[in-house]
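Notes follow the structure.
We name chains A, B, ... by the order of the sequence lines, and we start the count at 1 in each one.
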Amino acid sequence: MGLTLYNDLTRTKEPFVPLNEGRVTFYSCGPTVYDYFHIGNARPFIVFDVLRRYMEFKGLQVDFVQNFTDIDDKMINRANREGITVDQLADRFIAEYYRDADALGVKRPTHSPKATEHMAEIISLIQRLVEKGHAYNVDGDVYFDVESFPSYGVLAKQSLDELQSGARIEIDERKRHPLDFALWKARKEGEPSWPSPWGEGRPGWHIECSAMSMKYLGDTIDIHSGGTDLTFPHHENEVAQAEAATGKKFVRYWIHNGYLLIDKEKMSKSLGNFLTARAALEQYPAKAIRHFMLSAHYRSPLNFSEDSLRQSLGAVERLENCLLDLDHARNHRKRVDGTPGSDHESVFRSYEDRFTAAMDDDFNTAAALGVVYEAVRTVNNYLKERSDLEESFLPPADRFFGMVETVMGIPGRVEEDGTDDSRIRDLIAERDAARKSRDFKRADAIRDELSAMGVVLEDTPDGVKWRRK
RNA sequence: GGCGGCAUAGCCAAGUGGUAAGGCAGAGGACUGCAAAUCCUUUAUCCCCAGUUCGAAUCUGGGUGCCGCCUCCA
């Protein structure tokens, strides 16, 4: 069974068939690097990271491009406020972006282009639009002429008239139509600028994505993703610019993630109701945040709360404990030949099939997680019901949980904290000896000591297990 | 005004015609020196009304409530 995706262009679920067999071109709108990103911004980063990983797991080669917007009003304002250049601001927050995204386990894109490094492509795209009569120059500002592009509104599913009514845009009399948008903005005092055929200036809001998408992935790409608030006007405008210039279809599948809500409201910088990803990571490990993001379907709104994060942490720890138990059994239990009649291979293959079926169904991570936890219970039961370990059990179990790790990035690799394990092992051995001689006071004292070191002990029939908190 | 989304147990959340996945929390039990982990049992008239159907959380119509986009925003 193949992957199906809900395409916002058609508003239906469609089988996903890449333009070129075996290869996927995927562009995801990235951050404007004027500040730390918040946990709501992190949703698309994580969720589309998982979609990308899943497609790679299925054997597709994914060319995944995510841009950095490093020149716009917010960049200029923030740089001015900080008394630094826009370049310096961008350098700083690109580094901060990577620090947080890496910490969240988000794979780095194939390409991460910056707008300021693609002026040639941007200008040449605008030029093509001007030449074809889709754009016009007014005093050094260049606007896209929406009326010259009959299918404007394909993504919004609205006509120009409908879009106009009720819109609270201040009307710029120099524009031919209120919805005409800037491709190029003439330089203002104190702003960074680049030379162009229309004079010094800088690119408008939307043009960079079209230009960079076309440069790295070609005129027509398979998938373009972003938050649902980008549907209009950002993505609508991208379509208009690109298709007006090339005459070809720009994006085959448009996908948008739902918002992260907080107190039932959209989390956003302008509302001020946000929590930075950095701050969230100080309180909860990445595995909990990833699990939280994957616990709902990507298109649904997802309500953020401390409690939800706590619940996700509890859940992902259950998965982690299961894998630790499995490893402990691997290292300490007697291996025996498989019992005739017990077919672990087909049990885990069935889980794998159900997991991939859920993921194939418009990337239903919540349903896929349900399957993961059924598999967890199976493993826990198996380990409880016997004291040895069949050789036939590990390979299919490892394959299944390896797939979960590869695709979802949970539970994630345990970070080394530099503690010397030999000290821990010595203490555990000492405690074990104390327990054998029924000196429980001493044993508990050692447990407390280890606990203070962040080490949790579990006494099991297979011996003492330990893990870091 | 136009376009769109959502409403499932205490909480989070799957499920698009055949009598409700999974997780968190709670209760009871098993195991246990203690603890932890784990296992078992247990918790849902699927927002309301009407309709279609042998049968609806799932389809249709009408409500109610919440949210979003149309303006910078993932």
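- Residue A:Thr231 is classed as having no contact, given no heavy-atom separation below 4.0 Å to the nucleic acid.
- Within the 4.0 angstrom heavy-atom criterion, base atoms lie near A:Gly40.
- Between the side chains of A:His177 and A:Tyr152, no donor-acceptor pair is found at a separation under 3.5 Å.
- In this entry the distance linking CZ of A:Phe37 with C1' of B:C72 reads 19 Å, nearest Å.
- Only the C1' atoms considered, B:G51 is 12 Å distant from B:A56, to the nearest whole Å.
- At a cut-off of 3.5 angstrom, the base of B:C34 holds at least one donor-acceptor pair with the side chain of A:Arg447.
- Nearest to the side-chain atoms of A:Arg318 among the listed nucleotides B:C24, B:A74, B:A14 stands B:C24.
- Base pairing of B:U16 is not made with any nucleotide, judged by Watson-Crick or G-U wobble geometry with both donor-acceptor distances under 3.5 Å.
- For A:Phe57, there are no ring pair (Phe, Tyr, Trp, His ring centres under 6.0 Å) partners at least two apart in sequence or on another chain.
- Within 4.0 Å of A:Ser312, counting heavy atoms only, lies no atom of the nucleic acid at all.
- Spacing between B:A14 and B:A21 at atom P, rounded to whole Å, works out to 15 Å.
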Tabulate atom names and distances for all N/O pairs under 3.5 angstrom spanning the protein and nucleotides 58-60 of chain B.
none

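- Going from atom CZ of A:Phe304 over to atom C1' of B:G68 covers 20 Å, rounded to whole Å.
- With centres under 5.5 Å and a plane angle under 30° as the test, the ring of A:Tyr373 is not stacked against the base of B:G22.
- Of all non-hydrogen atoms in A:Met359 and A:Leu3, the two that sit nearest each other are O-CD1, 3.4 Å.
- The separation of B:U58 from B:G62, taken at their P atoms, amounts to 16 Å, rounded to a whole angstrom.
- Applying the 3.5 Å distance criterion, the base of B:A74 shares no donor-acceptor pair with the side chain of A:Arg43.
- The pairing partner recorded for B:G1 is B:C70, the criterion being a Watson-Crick or G-U wobble arrangement whose two distances lie under 3.5 angstrom.
- Whole-Å rounding puts the A:Arg354 CZ to B:G22 P distance at 9 Å.
- In this structure, CZ of A:Phe232 is placed 17 Å from P of B:A74, rounded to the nearest angstrom.
- Proximity of a side-chain donor or acceptor of A:Lys114 to a complementary backbone N or O of A:Asp70 within less than 3.5 Å is not detected.
- Across all strands shown, A:Glu385 has no heavy atoms under 4.0 Å from either base or sugar-phosphate atoms.
- Closest to the side chain of A:Pro301, out of B:A74, B:G5, B:A37, is B:G5.
- Nucleic acid contact for A:Arg435: base, since at least one base atom lies under 4.0 Å from a heavy atom of the residue.
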Check: Given the rule in the salt bridge (charged side-chain N to carboxylate O under 4.0 Å, His left out) test, do A:Glu191 and A:Arg202 qualify, once you have shown the distances and angles that lead to the verdict?
Finding: CA-CA 9 Å; A:Glu191 290 185 359; A:Arg202 62 184 170 94; 3.0 Å; yes

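- Nucleotides B:A74 and B:C69 place their C1' atoms 14 Å apart, quoted to the nearest Å.
- B:G51 and B:C59 make up a base pair, with Watson-Crick or G-U wobble contacts both under 3.5 Å.
- In this structure, B:G33 makes no Watson-Crick or G-U wobble pair, since no nucleotide meets both defining distances under 3.5 angstrom.
- When the P atom of B:C34 is taken as reference, atom NZ of A:Lys441 falls 18 Å away, rounded to whole Å.
- If you check B:U42 for Watson-Crick or wobble pairing at under 3.5 angstrom, you find it paired to B:G26.
- With distances taken from any side-chain atom of A:Asn364 to the nucleotides B:G15, B:C12, B:A74, the minimum falls on B:G15.
- Put simply, the side chain of A:Arg43 gets close to the backbone of A:Gly258: a donor and an acceptor are under 3.5 Å apart.
- Residues A:Asn303 and A:Leu260 each lie close to RNA chain B; by heavy-atom proximity, the contact nearer the 5' end of the strand is made by A:Asn303.
- Projected onto RNA chain B by closest heavy-atom contact, A:Gln158 and A:Thr32 fall at different nucleotides, the more 5' of which corresponds to A:Gln158.
- Taking atom NE2 of A:His235 as the reference point, atom P of B:G68 lies 20 Å away to the nearest angstrom.
- Relative to the side chain of A:Gln311, the nucleotides B:C72, B:G15, B:G23 differ in distance, and B:G23 lies closest.
- Among the protein residues, A:Leu383 comes within range of no part of the nucleic acid, since none of its heavy atoms lies under 4.0 Å from any strand.
- Using a 4.0 Å heavy-atom cutoff across all strands shown, A:His234 reaches no nucleic acid atom at all.
- Although no hydrogens or angles enter the test, the distance criterion places a donor-acceptor pair under 3.5 Å between the side chain of A:Asn273 and the main chain of A:Ser268.
- A gap of 24 Å separates the C1' atoms of B:A25 and B:A57, to the nearest Å.
- Heavy atoms of A:Phe440 sit under 4.0 angstrom from at least one base atom.
- Taking a pair to require two hydrogen-bonding distances under 3.5 Å in either a Watson-Crick or a G-U wobble arrangement, B:U64 pairs with B:A7.
- Contact annotation for A:Ala156: backbone-only contact, meaning every heavy-atom pair under 4.0 Å involves sugar-phosphate atoms and none involves a base.
- Spacing of P atoms, B:A30 relative to B:C46, comes out at 36 Å, to the nearest Å.
- Looking at heavy-atom distances under 4.0 Å, A:Asn381 makes contact with sugar-phosphate atoms alone, never a base.
- A donor N or O paired with an acceptor N or O is not found under 3.5 Å between the base of B:G2 and the side-chain atoms of A:Asp161.
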Check: Step by step, would you call A:Glu238 with A:Tyr27 a side-chain hydrogen bond (donor to acceptor under 3.5 Å, both in side chains)?
Finding: CA-CA 12 Å; A:Glu238 281 189 51; A:Tyr27 187 97; over 6 Å; no

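- Side-chain polar atoms of A:Thr25 and A:Asp63 form no donor-acceptor pair below 3.5 angstrom.
- Checking A:Tyr216 against A:Thr110 by side-chain atom types alone, no donor-acceptor pair falls below 3.5 Å.
- Between A:Arg299 atom CZ and B:G4 atom P there is a gap of 14 Å when expressed in whole angstrom units.
- Using atom P as the reference point in both B:G29 and B:G15, the two lie 37 Å apart (nearest Å).
- Residue A:Asn380 is classed as a sugar-phosphate contact, given heavy-atom separations below 4.0 Å to backbone atoms only.
- A:Asp462 and A:His328 form no side-chain donor-acceptor contact under 3.5 Å, judged by distance and modelled atom types alone.
- Rounded to whole Å, the P atom of B:U53 lies 16 Å from the corresponding atom of B:U60.
- One atom, OH of A:Tyr6, and another, P of B:G4, lie 9 Å apart when rounded to the nearest Å.
- When heavy atoms are screened at a 4.0 angstrom cut-off, A:Asp307 is found touching the sugar-phosphate backbone but no base atom.
- A:Lys74 comes within 4.0 angstrom of the backbone, heavy atoms only, and of no base.
- Using a 4.0 Å heavy-atom cutoff across all strands shown, A:Leu457 reaches at least one base atom of the nucleic acid.
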Next item on the list: In sequence, state the C-alpha distance, the side-chain angles, and the governing distance for A:Tyr143 and A:Arg174, and then conclude on side-chain hydrogen bond (donor to acceptor under 3.5 Å, both in side chains).
Entry: CA-CA 10 Å; A:Tyr143 292 100; A:Arg174 302 177 311 155; 3.1 Å; yes

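- For A:Leu230, counting side-chain heavy atoms from C-beta on, the closest listed nucleotide (B:A74, B:A21, B:C40) is B:A74.
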